[in-house]
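Below is one structure; the comments refer to it alone.
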Amino acid sequence: MSVLQIENLSLAIHGARILRHISLSIGPGEIHGLIGESGSGKSMTALAVMQLLPEGAEASGAVSLAGQSVVTLRDADMCTLRGATVGMVFQEPMTALNPLLNIGQQVAEVIALHDNLSRSKAFVRAAEVLERCELPRDQFPLTRYPHELSGGQRQRVVIAMAIAMKPKLLIADEPTTALDVTTQAEILKLIKRLADEDEMAVLLITHDLAVVTGLADDISIMRNGEIVEQGKGAMLHRTMTHPYTKALFSASGHQPERAQAGQDRALLSVENVTCSYALPRKTLLQVPERFIAVNDVSFELHQGESLGLVGESGCGKSTLTRAILGLEPLQSGTVRLDGAEMTGTADDLALRRKMQVVFQDPYSSFNPRHKVDRLIAEPFHLLGRTARMDEIDEALVSVGLSPTDKEKYIHEFSGGQRQRIAIARALIIRPELIILDEAVTALDVSIRAQILDLLADLSEQFSLSYLFISHDLSVVRRVTDRVLVMRAGRIVETGETEQVFTNPQNPYTRKLIAAVPQLSDA
């Protein structure tokens, strides 16, 4: 018997059609991948199963969970099922966890709610569940708070909360999108192990085909609220017939057309840079210890070159980026741009206009109260003047948008369009170097392909150099000339990108490359 059976599910919210005739089935121990781009209806399908729909939602069709219909259940009855029969793992663990409660309290709360146990017994069970999720109590005490854990460790806590009552169905909604490759591989392996051990059905929602093709038993492809194709996970790349499925597979392995590597002239020189910060004092009179985040790092980026910087979360990539931008003090070393040293003072304005940055989340990097014209014109404070309308129009056109878009607000755009606006903001004062900090990590595969093509075109058009910082090694391999591998604050390997990927010398580099999810041999 199927654990989850969805038959002809349709959903409208205030009259707007969201889902159309969705049907899928998951048996015990099976993993079903639900694939689609943002807005395709993946998450809304999961919320329909959990009966967590917004006001104004009208559903039709059948949703059966462990043999019980949930569409017509009262909320009180659904509360009994949530957590006990079905658990859910969300994309961003930091927002899914309560920052005011320690991890023991949060897992124990789920257990006590459903089993009516005493506080002490609930905490004993919580420790056991966290150990199942590879967070042993001797290394991760129950008294730790979410902010004291890494992203992967926080996601394990969320998984522990979801599987604490050994539910029959686990819904994992983009559980690895923000994680580096090795942590992503560990989380996927954990989900697979839990599914096997408990014969738990898993609905794995993602926009990344490579994540599920080697893991899922079955795959459903969603577009515009419909399932356009279904097939076996290991065979879909051979049996696919729908043009949208073919387009997704093509975009996943998209290779931008790029010009040859840049000139020999060093545009950015980082020499023996060390950055550290003080750790919290355990006692009032204790001398604060210092943590070395960047340890004696040196490299050069040449004019017109695209240089990749890869490594796991916490390796020092972001601290190094801030140091290059002049936002982080150096304990030692120098950063030179176009031969001139960055001093970290107001005297750097003339240099800083040659360097701009594009962040991972374009929405949070913009002020939502301002229109696009003002947002794009922000870098002009480095030139001491205001932007002309024709300069704003030109920047928008150069990234594939319309001059009329300058009158809109940032919430009126999709994720890919917002990232184009972020690139336009970086481009408007004609910098020589753009630092791309996880700039395509959260984008759908087709949008990511468009942005990578755009960056390649802009590099050739404006002779731009890129420092491409990412934990997505598959993207770095396709868009960079050389790559730096960073671990624990140090550069452990450097070389031409293809040489590093095909013949890595450092064991850590080999570990990173081995963890990259691969599409089946299409």
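The structure displayed is predicted, hence computed values, not measured ones.
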Within a strict 4.5 Å, meaning less than it, do heavy atoms of the [X] and [Y] side chains meet?
{"X": "Phe462", "Y": "Leu427", "value": "yes"}
{"X": "Ile469", "Y": "Leu436", "value": "no"}
{"X": "Ile324", "Y": "Met355", "value": "yes"}
{"X": "Leu309", "Y": "Ile491", "value": "yes"}
{"X": "Arg322", "Y": "Thr319", "value": "yes"}
{"X": "Phe468", "Y": "Val476", "value": "yes"}
{"X": "Val181", "Y": "Thr183", "value": "no"}
{"X": "Phe413", "Y": "Val372", "value": "yes"}

Next item on the list: Indicate the ring-plane relationship of Tyr145 and His147, choosing parallel, tilted or perpendicular according to the 30° and 60° boundaries.
Entry: parallel
Look at atom [atom1] of [X] and say whether more than 12 heavy atoms of other residues, nucleotides or ligands are closer to it than 6.0 Å.
{"X": "Glu58", "atom1": "CD", "value": "no"}
{"X": "Arg144", "atom1": "CZ", "value": "yes"}
{"X": "Glu341", "atom1": "CD", "value": "yes"}
{"X": "Arg487", "atom1": "CZ", "value": "no"}

Can a salt bridge be assigned to the pair [X] and [Y] using a cut-off of 4.0 Å between side-chain N and carboxylate O?
{"X": "Arg265", "Y": "Asp338", "result": "yes"}
{"X": "Arg430", "Y": "Glu394", "result": "yes"}
{"X": "Arg388", "Y": "Asp390", "result": "yes"}

Check: For the salt bridge (charged side-chain N to carboxylate O under 4.0 Å, His left out) test, which of Arg385, Arg425, Lys406 pairs with Glu391?
Finding: Arg385
Margin query: Testing the 3.5 Å rule here: is there a donor-acceptor pair between the side chains of Ser38 and Asp444?
Written below: yes
Check: Which of these, Thr334, Asn295, Asp296, sits in a side-chain hydrogen bond (donor to acceptor under 3.5 Å, both in side chains) with Asn272?
Finding: Asp296
Checklist line | Among Lys42, Arg448, Glu174, side-chain hydrogen bond (donor to acceptor under 3.5 Å, both in side chains) partner for His207 | finding: Glu174
Margin query: With a 3.5 Å distance limit and no angle check, can you tell me whether Gln184 reaches the backbone of Leu179 through a side-chain donor-acceptor pair?
Written below: no
